[in-house]
Amino acid sequence: MSLKNKNLLMMILAIALSIITYFLFREMYYSNSDFPYSQEILAAFIGTVITILITSLLLNKQTEVEMLKEENLKILELKASIYNELFSYLEEVFLKQEVTKSDIIKLKLINQKLSTIASIDVLKIFEKFIEIKAKKTPSSIRWI
């Protein structure tokens, strides 16, 4: 069961329980009209239950937001590491006088890693870049 479905189920159960509890406490409150002290205790208990419900809903939402934040942070770290690897290897390739077959293979492997995080446009442009670099390799090395 997914987290959203579980949260929805918990929310429906909480609402149903709240409605049942409300009618139960309402009946108990009006049946104790002759004893004002017991009405005050019951009112305090109702306030406590409502406070607990609101607090649990807020904590549940806060946990969900924190998990989403952590997930986004992990994705950002993954993107940063792949782009750092790409840029450092591109620096090596540009500083060389000629591109070898192993350089093209390494660029294609980085392109595969890049495909997990980059958009289609970035992948097309990078593939075009690899093709241009592959064409500039000596004919004996050219295998693509």
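Side chains included, hydrogens not; waters and symmetry mates left out as well; all remaining heavy atoms used.
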Which donor-acceptor pairs under 3.5 Å do side chains of residues 117-128 form with protein atoms, sequence neighbours excluded?
unit_1	atom_1	unit_2	atom_2	d
E127	OE1	N111	ND2	2.9
E127	OE2	K108	NZ	3.3

query = If every non-hydrogen atom of I130 is compared with every non-hydrogen atom of L107, which pair is closest and at what distance?
reply = CD1-O, 3.6 Å

note = Taken to the nearest 0.5 Å, the spacing of L114 CG from E85 CD works out to 10.0 Å

ask   = Do the side chains of L86 and L95 join up, straight or via other hydrophobic residues, at under 4.5 Å, putting them in one cluster?
value = no

message = To the closest 0.5 Å, what do you measure between CG (L90) and OH (Y83)?
response = 11.5 Å

request  = Give the cluster check for Y89 versus F87: same hydrophobic cluster or not, with ILVMFWY residues linked at side-chain heavy-atom distances below 4.5 Å.
outcome  = yes

query = Partners of E77 by side chain to side chain contact (heavy atoms under 4.5 Å, CB included), sequence neighbours excluded?
reply = L73, K74

request  = Calculate, to the nearest 0.5 Å, the distance between atoms OG and CG belonging to S81 and L76 respectively.
outcome  = 10.0 Å

message = If the condition is ring pair (Phe, Tyr, Trp, His ring centres under 6.0 Å), which residues does F45 pass it with, not counting sequence neighbours?
response = F25

task = Check I82 against K113 and note the closest heavy-atom contact, atom names and distance.
result = CD1-O, 3.6 Å

key: Straight-line distance of I75 CD1 to T116 OG1, nearest 0.5 Å   = 10.0 Å

query = Can you find a heavy atom in the side chain of L17 that is under 4.5 Å from one in the side chain of L13?
reply = no

ask   = About how many Å separate OG1 of T100 and CD1 of I105, when rounded to the nearest 0.5 Å?
value = 8.5 Å

remark   = To the nearest 0.5 Å, atom CG of L59 lies from atom NZ of K61 at 13.5 Å

message = Holding to side-chain hydrogen bond (donor to acceptor under 3.5 Å, both in side chains), I want the full list of residues that pass it with K96, two or more places apart in sequence or in another chain.
response = D103

request  = Report the residues that fulfil ring pair (Phe, Tyr, Trp, His ring centres under 6.0 Å) with F94, sequence neighbours left out, ordered by chain and then residue number.
outcome  = F129

ask   = Mind checking who shares a hydrophobic cluster with L57, ILVMFWY linked at side-chain heavy-atom distances under 4.5 Å?
value = M11, I15, I19, Y22, F23

